[in-house]
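Throughout, protein chains are lettered first and strands after them, A, B, ... in sequence-line order, and every chain is numbered starting at 1.
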Amino acid sequence: MLKQMIGDESKSRRLMSLLKKRGFLQPAFEAYGGVAGLYDYGPLGGRLRRKVMQKWLDHWISLGNIVEIDSPTITPEEVLKASGHIGAFNDYASECNSCNSIFRSDHLLEGFHPNPDSLEGDSLDKELGVHKITCPTCKKIDWLPAKPLNLMFSTTIGPSNIGRKAYMRPETAQGMFLQFPSIYRHFRKKLPFGAVQMGKGYRNEISPRQGMIRLREFNMAELEYFIDPLMKIEHDLGQWDSFKLKLIPDPEGNNSEEVLLTVSDAVEMGIIRHQTVGWFMIKTFELMAELGINSELIRFRQHEGDEMAHYATDCWDLEIFGGYGWIECVGIAYRGCYDLEAHQKSSNSNELKAWREFEEHITVEKNICSPIQSKIGPIFKDKCKIITDYLELLEEIPKEFPLKILNDGIEYIIEEDMVEIKEMKITQRGEWFTPHVIEPAFGIDRIIWHILEHSHKEIPKKDDENYTLLGLKTDVAPVDFTVYPLFEKDGMEILSKKLVEKIMSMKGINANYDGSKSIGRRYARGDEVGVPFAITVDHQSLEDNTITLRERDTQTQKRMSIEDLLEFVSEYK
RNA sequence: GCGGAUAUGGUGAAGUGGUUAUCACCUGAGGUUUCCAACCUCAUGUCGUGGGUUCGAUUCCCGCUAUCCGCACCA
């Protein structure tokens with residue numbers, strides 16, 4: 001029922017017209033014909049976006065161990081090679097010369113090659129020939145050479161002939177991984193902690209469709225939560241036992257049915273494999289509801305093995321139902337140590353680790369055989385290092401001297417007086433390890449779209465027309481109050497403008513003045529863009545300093561003094 | 001990228017090989033109006049883009065761009 005209402009396609013179209021008409025959203029660069037996959041947020045949309053992002057930020061920052069960082073969108077190629085995006089976002093496509101159909105080359109080879117994803121252009125062409133793969137559309141074998149489908153926007157840092165190859169980031173996460181050392185110091189080297197980043201991400205989609213759902217440039221908000229995999233973190237999941245989440249575990253596995261479970265049960269049963277993942281799922285669910293997403297229309301879908309992105313070991317998508325069906329709007333992934341380790345290897349940095357102090361320090365007593373530099377120096381000269389390295393690696397003290405070492409075909413003889421047997425006490429207080437990461441990644445534009453869809457109400461009126469209303473939550477509504485003089489005369493307009501000024505001077509609160517056309521129409525105008533409260537100044541206001549406050553959702557009005565109103569406004573939210 | 005459909009004020013639509021392109025809503029100004037899209041007068045604003053055919057193209061043809069639907073692709 002609800003799904004039918006929300007899923008109505010023509011309703012989505014009417015919403016899009018409304019959003020364009022009233023300055024929420026519109027295709028970008030329309031004067032130049034527009035560009036698919038690029039959208040503008042207008043005067044109201046811009047503020048809506050800002051408020052959604054602020055709410056998102058507040059939600060996570062308030063946890064206390066989360067900080068916000070920011071990093072560039074232009075990203076050197078090496079970073080994305082290390083992260084695995086070059087490869088994962090660089091698939092090959094083969095075109096059929098006969099009917100011009102295009103397919104992912106590796107998908108064509110599915111079942112004919114153990115790991116078609118790993119193949120490059122030439123070998124893909126060879127394999128297509130060897131296995132006599134026919135075109136799924138026209139059944140012919142006439143493939144053009146496979147071409148890389150690069151889904152990242154490429155650019156050059158510096159003049160293009162000598163510059164460094166770079167891409168516009170496809171996600172914000174890498175910036176946070178590379179800032180790990182600084183965040184680690186900020187938190188005084190104590191896990192767990194997290195960092196968030198909000199910003200633009202870019203994917204050069206082959207064919208963006210579905211309006212705001214698949215964009216080429218989009219607003220992302222990601223959180224990287226760094227944990228010690230050996231440290232037991234206890235979250236109080238029981239506090240959410242009154243909510244049941246709609247889960248679709250392991251769609252390919254045995255339990256692909258939708259199940260309703262509390263978070264704590266799902267974690268207990270092992271359906272959600274990690275407690276912290278479960279905790280982020282419920283925190284995310286909570287945030288979505290606060291933003292105005294209908295919680296009946298939210299579900300979590302677990303990634304099946306081969307769908308999982310190249311880094312994830314457990315991944316849940318939060319999907320929201322709207323006019324386009326179930327759409328993934330948040331991905332919550334347990335990324336293990338993949339990213340930090342990949343950057344360690346590729347950059348040779350040893351700062352992407354954390355220190356784990358042992359509960360009990362381990363002391364090992366050991367005898368070592370240490371070279372006496374003043375003796376071996378004059379004898380071995382520049383070959384000294386070979387001797388030192390060898391002795392350092394010795395597990396036990398040699399039983400006999402002289403000791404013969406063979407290196408590079410040359411024999412070195414170490415006499416007993418060249419070394420000193422030392423007794424060492426080595427205390428191991430802890431160890432270095434690579435933290436694991438849990439990443440909730442949000443597609444802000446998709447969320448905004450669904451906030452708008454879920455709040456878009458069309459109420460049948462007595463006559464033919466519908467009454468259109470955006471039931472936006474006060475937290476995200478672009479305009480908080482509109483002040484209406486009942487008529488623009490007798491001083492009502494002056495008092496109204498004064499009120500607007502007063503309200504606007506309060507921090508973070510936005511008020512509009514609207515004095516044209518009949519009062520009913522003005523209420524309708526406000527309702528249409530989701531203004532939660534209307535303040536009306538009438539003749540009585542001029543006499544006794546009272547106004548009426550009208551609530552958008554109930555259309556009920558209350559008369560109150562301006563003093564009480566201003567107090568209400570100041571406590572608003 | 002392929003196939004199909006579409007592109008007319010801010011929105012939604014009508015229409016035409018020929019003088020000044022139509023309507024509703026919206027928007028603005030004035031009037032009227034004592035609380036839920038009322039009314040009156042006036043005003044602003046449109047044929048996606050490039051080319052072709054033609055004396056003349058918003059209309060016919062072709063390319064491009066965009067949108068929608070299917071295929072493919074994709075977080």
Side-chain angles (χ1 to χ4, degrees), chain A residues 9-10 12-23 26-38 42 88-89 91-96 99-105 107-108 135-138 144 147 149 151 170-171 201 203-211 213-216 218 220 303 307-309 312 315 317-319 327-331 333 441-443 445-446 459 461-469 484-490 492 515-528 534-542 547-548 550 552 555-557 559:
Chain A
E9 226 177 75
S10 65
S12 296
R13 261 202 299 278
R14 287 194 297 278
L15 174 61
M16 198 60 219
S17 296
L18 164 68
L19 296 177
K20 197 171 168 191
K21 189 169 79 178
R22 298 303 305 271
Q26 60 197 323
F29 309 114
E30 255 196 323
Y32 290 92
V35 182
L38 300 181
F89 283 89
D91 297 311
Y92 283 85
S94 295
E95 184 177 349
C96 173
C99 71
N100 296 325
S101 303
I102 294 209
F103 302 93
R104 276 270 297 270
S105 313
H107 286 189
L108 289 169
C135 168
T137 307
C138 70
L144 291 169
K147 281 184 238 146
L149 271 176
L151 295 185
E171 58 171 26
R203 285 178 203 167
N204 202 354
E205 299 286 352
I206 301 164
S207 154
R209 289 274 175 88
Q210 305 174 298
I213 303 300
R214 275 177 70 200
L215 297 173
R216 287 191 163 123
F218 46 95
M220 314 180 82
H303 277 207
E307 183 193 9
M308 214 118 64
C315 191
D317 283 345
L318 181 149
E319 298 182 327
I327 297 291
E328 178 216 341
C329 294
V330 185
F442 294 69
D445 310 278
R446 288 181 173 189
I459 301 156
K461 282 197 308 183
K462 284 171 205 107
D463 45 12
D464 46 348
E465 251 182 306
N466 280 334
Y467 193 88
T468 307
L469 186 142
Y484 305 106
L486 193 54
F487 301 105
E488 266 188 315
K489 60 179 186 189
D490 303 335
M492 285 182 270
S516 73
K517 295 280 159 69
S518 79
I519 189 71
R521 164 163 307 184
R522 285 179 277 158
Y523 288 147
R525 267 201 294 242
D527 290 345
E528 196 181 52
I535 297 161
T536 310
V537 172
D538 56 14
H539 289 93
Q540 195 184 330
S541 310
L542 302 173
I547 47 80
T548 58
R550 172 187 179 273
R552 177 197 61 205
Q555 306 205 346
T556 53
Q557 273 175 298
R559 183 166 284 277

J.: Could you state the CD-P distance from A:Glu488 to B:G31, rounded to the nearest angstrom?
T.: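 After rounding, the reported distance stands at 10 Å.
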J.: Hunt down the Watson-Crick or G-U wobble partner of B:G9, both distances under 3.5 Å, from any strand shown, or write none.
T.: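 Pair assignment: B:G9 / none.
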J.: For B:A43 versus B:U65, give the span between their C1' atoms, rounded off to a whole number of Å.
T.: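 My reading of the C1' atoms in B:A43 and B:U65 gives 34 Å.
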J.: Checking all strands, does A:Gln557 fall into the base, sugar-phosphate, or nothing category for heavy-atom contacts under 4.0 angstrom?
T.: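 Base, at least one base heavy atom under 4.0 Å.
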J.: Using a distance-only criterion (donor-acceptor N/O pair, under 3.5 Å, no hydrogens), is the base of B:C35 paired with the side chain of A:Tyr523?
T.: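 For A:Tyr523, whose side chain was compared with the base of B:C35, there is a donor-acceptor pair (under 3.5 Å).
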J.: Looking at every strand, decide which applies to A:Glu205 at a 4.0 Å heavy-atom threshold: base, sugar-phosphate, or nothing.
T.: sugar-phosphate
J.: What integer number of Å spans the P atoms of B:C25 and B:U41?
T.: 12 Å
J.: I'd like to know if A:Arg550 reaches the base of B:C36 with its side chain such that a donor and an acceptor end up less than 3.5 angstrom apart.
T.: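 Flag set: donor-acceptor pair detected.
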J.: Taking CG from A:Asn466 and P from B:C25, how many angstroms apart are they, rounded to a whole number?
T.: 17 Å
J.: Could you check whether the rings of A:Tyr484 and A:Tyr523 sit parallel, tilted or perpendicular, using 30° and 60° as the cut-offs?
T.: perpendicular
J.: Pick the C1' atom in B:U27 and in B:C35, then give their distance to the nearest Å.
T.: 23 Å
J.: Distance check, C1' atoms only: B:A7 and B:G48, in whole angstrom units.
T.: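 Straight-line distance between the two C1' atoms is 6 Å.
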J.: Suppose we call a contact any N or O donor and acceptor under 3.5 Å apart; does that hold for the side chain of A:Arg521 and the base of B:C35?
T.: no
J.: Please measure how far the C1' atom in B:G12 lies from the corresponding atom in B:G45, and state the result in whole Å.
T.: 16 Å
J.: Can you measure A:Phe487 atom CZ to B:U34 atom P for me and round it to whole angstrom units?
T.: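 Distance check: A:Phe487 CZ to B:U34 P gives 5 Å.
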J.: When the C1' atoms of B:G56 and B:G31 are considered, how many whole Å apart are they?
T.: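 These two C1' atoms come out 46 Å apart once rounded.
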J.: Could you tell me whether A:Ser516 contacts a base, only the sugar-phosphate backbone, or nothing, with contacts defined as non-hydrogen atoms closer than 4.0 Å?
T.: sugar-phosphate
